[in-house]
Amino acid sequence: MALSLLHRPRRLRSSPAIRNLVRETNLRSSDFILPLFVSEKATAPIPVKSMPGVFQLPHEALLAEAVAAHKDGVAAVLLFGLPTTKDEVASTAYAEDGVVQKAVRALKAKLPNLLVITDVCLCEYMSHGHCGVTHFDGERAHTLNDASVELLVKTAVSHARAGADIVAPSDMMDGRIGAMRKGLDQAGFQDTPILSYAAKFASAFYGPFRDAAESPPQIGDRKGYQMDPANGREALREVALDVSEGADMVMVKPGLPYLDILSKVKERFELPTFAYHVSGEYAMLKAAAQQGWLDEKACLLETMLAFKRAGADGVITYAARDLARWLNNR
Ligand code: PBG
């Protein structure tokens, strides 16, 4: 016997066409930002073991990868650099001919329409692997805030000078957004936007990235500057500070385990808001897919929908090329 129901939500699920009509969230290839690792040491692409499909790329291979990704429909890349030399003041992070600076110049010359975003941090350039100037007291690391900010500003300005479209500070020092805005303005880069890693947590999900970027802290951990995963309200205070200091766009990182924060940040600040689907999240999915335990394509698409549904305007993801290809039917 048929029930007489006023509300039957399934009425709107009865065909692909009607489901398309009422779909709230859609994916486009331009939603994704592809992280790329450019290495000064590598002479050929070096696969990152814990991140299938991700490579440390020498200069020429980076350009080739960017060309191919752009052809697939990727609209933006996020650059990380692996320098040959590191020291205690991260000299190669802000060197005119640093690995990222050279890559940005070449990328912008070759692909003027590809958005080139640079990750601004010091950990890849510091001999000790911390994100700022650090003093050690036995096994304890003390990362100095203001001295680090000074070097981060120099790094951001050098990226802008090389032609970066957007700078993205990922260090979590206090006051770095305001200082960076001032530094960029004084150097004539008033129009270079800052995408702040505003709520970045001290996460175990960064493990594979540290293999890719060769940046794990040699002594201690990052809990003195990155946020405690337990703190959601503090995340909103962190974002508020970055917004008040001039951040044009904000990011929440990691991704899926922090969708509650992403959603609140979008609702409260209404700025362009990005999520970082980080290395560990990517590695989990890839590993399960390789075992045949998950459908990689379906899970990736669902993951990206979840980010957008929660409020993300875009997602930084190592799967950006595949996603762009799938969405553009290439
Ligand atoms: C640099 C930086 C990290 C990531 C992005 N920028 C590592 C870290 O903070 O330890 C992680 C990205 C990822 O896991 O995919 N500070």
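Indexing begins at 1, ligand by ligand and atom by atom, following the structure's order. Nothing fancy with the numbering, it's 1 onward along the sequence.
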Subject >> Sub-4.0 Å heavy-atom contact, Phe80 with ligand 1 >> reply: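 Contact check Phe80 vs ligand 1: positive.
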
Could you tell me, atom by atom, which parts of ligand 1 come under 4.0 Å of a heavy atom of [X]?
{"X": "Cys123", "result": "1 (C), 16 (N)"}
{"X": "Cys131", "result": "16 (N)"}
{"X": "Asp119", "result": "6 (N)"}
{"X": "Tyr318", "result": "12 (C), 13 (C), 15 (O)"}
{"X": "Tyr276", "result": "12 (C), 15 (O)"}
{"X": "Val278", "result": "13 (C), 14 (O), 15 (O)"}

Output side-chain donor-acceptor pairs under 3.5 Å for residues 65-80, partner residues at least two apart or in another chain, one line each.
{"unit_1": "Glu65", "atom_1": "OE1", "unit_2": "Arg321", "atom_2": "NH1", "d": "3.2"}
{"unit_1": "Glu65", "atom_1": "OE2", "unit_2": "Arg321", "atom_2": "NH1", "d": "3.4"}
{"unit_1": "His70", "atom_1": "ND1", "unit_2": "Val74", "atom_2": "O", "d": "2.9"}
{"unit_1": "Asp72", "atom_1": "OD2", "unit_2": "Arg321", "atom_2": "NE", "d": "2.6"}
{"unit_1": "Asp72", "atom_1": "OD2", "unit_2": "Arg321", "atom_2": "NH2", "d": "3.0"}
{"unit_1": "Asp72", "atom_1": "OD2", "unit_2": "Arg325", "atom_2": "NE", "d": "3.4"}

Original post:
Between Ser215 and Glu124, does any side-chain donor sit less than 3.5 Å from a side-chain acceptor?
Top reply: no

Subject >> NZ/Lys154: more than 12 non-hydrogen atoms of other groups inside 6.0 Å >> reply: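 Not buried by this count: 12 neighbours or fewer within 6.0 Å.
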
Subject >> Asp248 with Arg181: basic N within carboxylate O range, under 4.0 Å >> reply: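 Yes, this pair counts.
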
Original post:
Is the shortest distance from a Lys or Arg side-chain nitrogen in Lys108 or Asp165 to a carboxylate oxygen in the other one below 4.0 Å?
Top reply: yes

Which residue and atom name correspond to the protein heavy atom nearest [atom], and how close is it?
{"atom": "atom 8 (C) of ligand 1", "answer": "Arg222 NE, 3.5 Å"}
{"atom": "atom 3 (C) of ligand 1", "answer": "Phe209 CE2, 3.3 Å"}
{"atom": "atom 14 (O) of ligand 1", "answer": "Ser279 OG, 2.7 Å"}

**OP:** Verify whether the ring centers belonging to Phe205 and Tyr258 lie closer than 6.0 Å.
**Re:** no

**OP:** Going by heavy-atom distance to atom 2 (C) of ligand 1, choose the closest among Arg210, His130, Met172, Lys200.
**Re:** Lys200

**OP:** Can you figure out which of Lys253, His277, Met51 has its heavy atom closest to atom 5 (C) of ligand 1?
**Re:** Lys253

**OP:** Start with the C-alpha distance between Lys200 and Asp171, add both sets of side-chain angles, then the distance that settles salt bridge (Lys or Arg N to Asp or Glu O under 4.0 Å), and finish with yes or no.
**Re:** CA-CA 9 Å; Lys200 176 173 175 182; Asp171 52 283; over 6 Å; no

**OP:** Can you run down the side-chain hydrogen bond (donor to acceptor under 3.5 Å, both in side chains) pairs that involve residues 47-60, sequence neighbours left out, and say none if there aren't any?
**Re:**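 Listed by first then second residue: Ser50-Asp211, Gln56-Glu214.
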
